[in-house]
Amino acid sequence: MATRQRVLIVDDEQNIRSLLAYSLEKAGYEVLQATDGLTAMGLIRERKPDLVVLDVMMPGMDGHEVLMRLRAANDTSRMPVIMLTARSA
């Protein structure tokens, strides 16, 4: 049996996480969720997602900081990341 691809959704907004998770699960992906950058970094190290969907603006460690840390580490430097933002500019 083929292993499902794993996607980590990182967003402090519950409604956005829920909407994305629903769509991705329906499409057959295994979905992990984190509400902040620190939790996301732990899940990335433990569960090694195939893709990270990352909110830019979060309290504490924001999406830019998470991305910088991912790119700085050898084992995550090439991990695909999609950045999300509600900003208009």
Side-chain angles (χ1 to χ4, degrees):
M1 185 167 115
T3 304
R4 293 189 306 162
Q5 294 224 309
R6 185 176 296 143
V7 178
L8 171 60
I9 301 168
V10 187
D11 199 306
D12 58 327
E13 297 287 333
Q14 172 65 43
N15 58 340
I16 293 172
R17 284 194 323 274
S18 295
L19 179 65
L20 290 171
Y22 175 80
S23 297
L24 289 167
E25 286 169 347
K26 267 193 89 100
Y29 293 93
E30 178 184 348
V31 176
L32 307 172
Q33 296 184 42
T35 60
D36 58 70
L38 190 59
T39 303
M41 291 304 297
L43 282 171
I44 290 166
R45 297 281 178 235
E46 292 171 15
R47 305 290 304 275
K48 302 289 190 228
D50 298 292
L51 171 69
V52 177
V53 179
L54 182 59
D55 183 24
V56 171
M57 298 184 311
M58 294 182 291
M61 186 187 307
D62 69 10
H64 293 292
E65 176 72 18
V66 173
L67 183 61
M68 185 180 76
R69 290 180 185 209
L70 291 176
R71 295 299 176 247
N74 287 335
D75 61 333
T76 58
S77 64
R78 298 179 59 86
M79 182 174 286
V81 176
I82 296 174
M83 301 291 285
L84 295 179
T85 185
R87 284 195 231 178
S88 61

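The first residue in the sequence is number 1, and the count goes up from there.
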Look only at the side chain of Arg71 and the backbone of Met79, and say whether a donor-acceptor pair between them is shorter than 3.5 Å.
yes

Is there a path of hydrophobic side-chain contacts, each under 4.5 Å between heavy atoms, that joins [X] and [Y]?
{"X": "Tyr22", "Y": "Val52", "value": "no"}
{"X": "Leu84", "Y": "Tyr29", "value": "yes"}
{"X": "Val56", "Y": "Val66", "value": "yes"}
{"X": "Ile82", "Y": "Leu32", "value": "no"}
{"X": "Met83", "Y": "Met61", "value": "yes"}

Flag side-chain contact, heavy atom, 4.5 Å: Gln33 against Asp11:
no

Hey, does Ile44 have a side-chain heavy atom less than 4.5 Å from the side chain of Thr76?
yes

When rounded to the nearest 0.5 angstrom, what distance separates [atom1] in [X] from [atom2] in [Y]?
{"X": "Met41", "Y": "Asp36", "atom1": "CE", "atom2": "CG", "value": "11.5 Å"}
{"X": "Met57", "Y": "His64", "atom1": "CE", "atom2": "NE2", "value": "9.0 Å"}
{"X": "Leu19", "Y": "Gln14", "atom1": "CG", "atom2": "CD", "value": "11.0 Å"}
{"X": "Glu25", "Y": "Leu20", "atom1": "CD", "atom2": "CG", "value": "11.0 Å"}
{"X": "Asp62", "Y": "Asp55", "atom1": "CG", "atom2": "CG", "value": "9.0 Å"}

Hits for salt bridge (Lys or Arg N to Asp or Glu O under 4.0 Å) against Arg6, two or more places apart or cross-chain, chain-then-number order -> Glu30

Which atoms form the tightest heavy-atom contact between [X] and [Y], and what is the distance?
{"X": "Leu54", "Y": "Gly63", "value": "CD2-O, 3.4 Å"}
{"X": "Thr35", "Y": "Met58", "value": "O-SD, 4.2 Å"}
{"X": "Leu43", "Y": "Pro49", "value": "O-CD, 4.3 Å"}
{"X": "Thr39", "Y": "Ala34", "value": "CG2-CB, 4.0 Å"}
{"X": "Ala73", "Y": "Arg45", "value": "CB-NH2, 3.7 Å"}

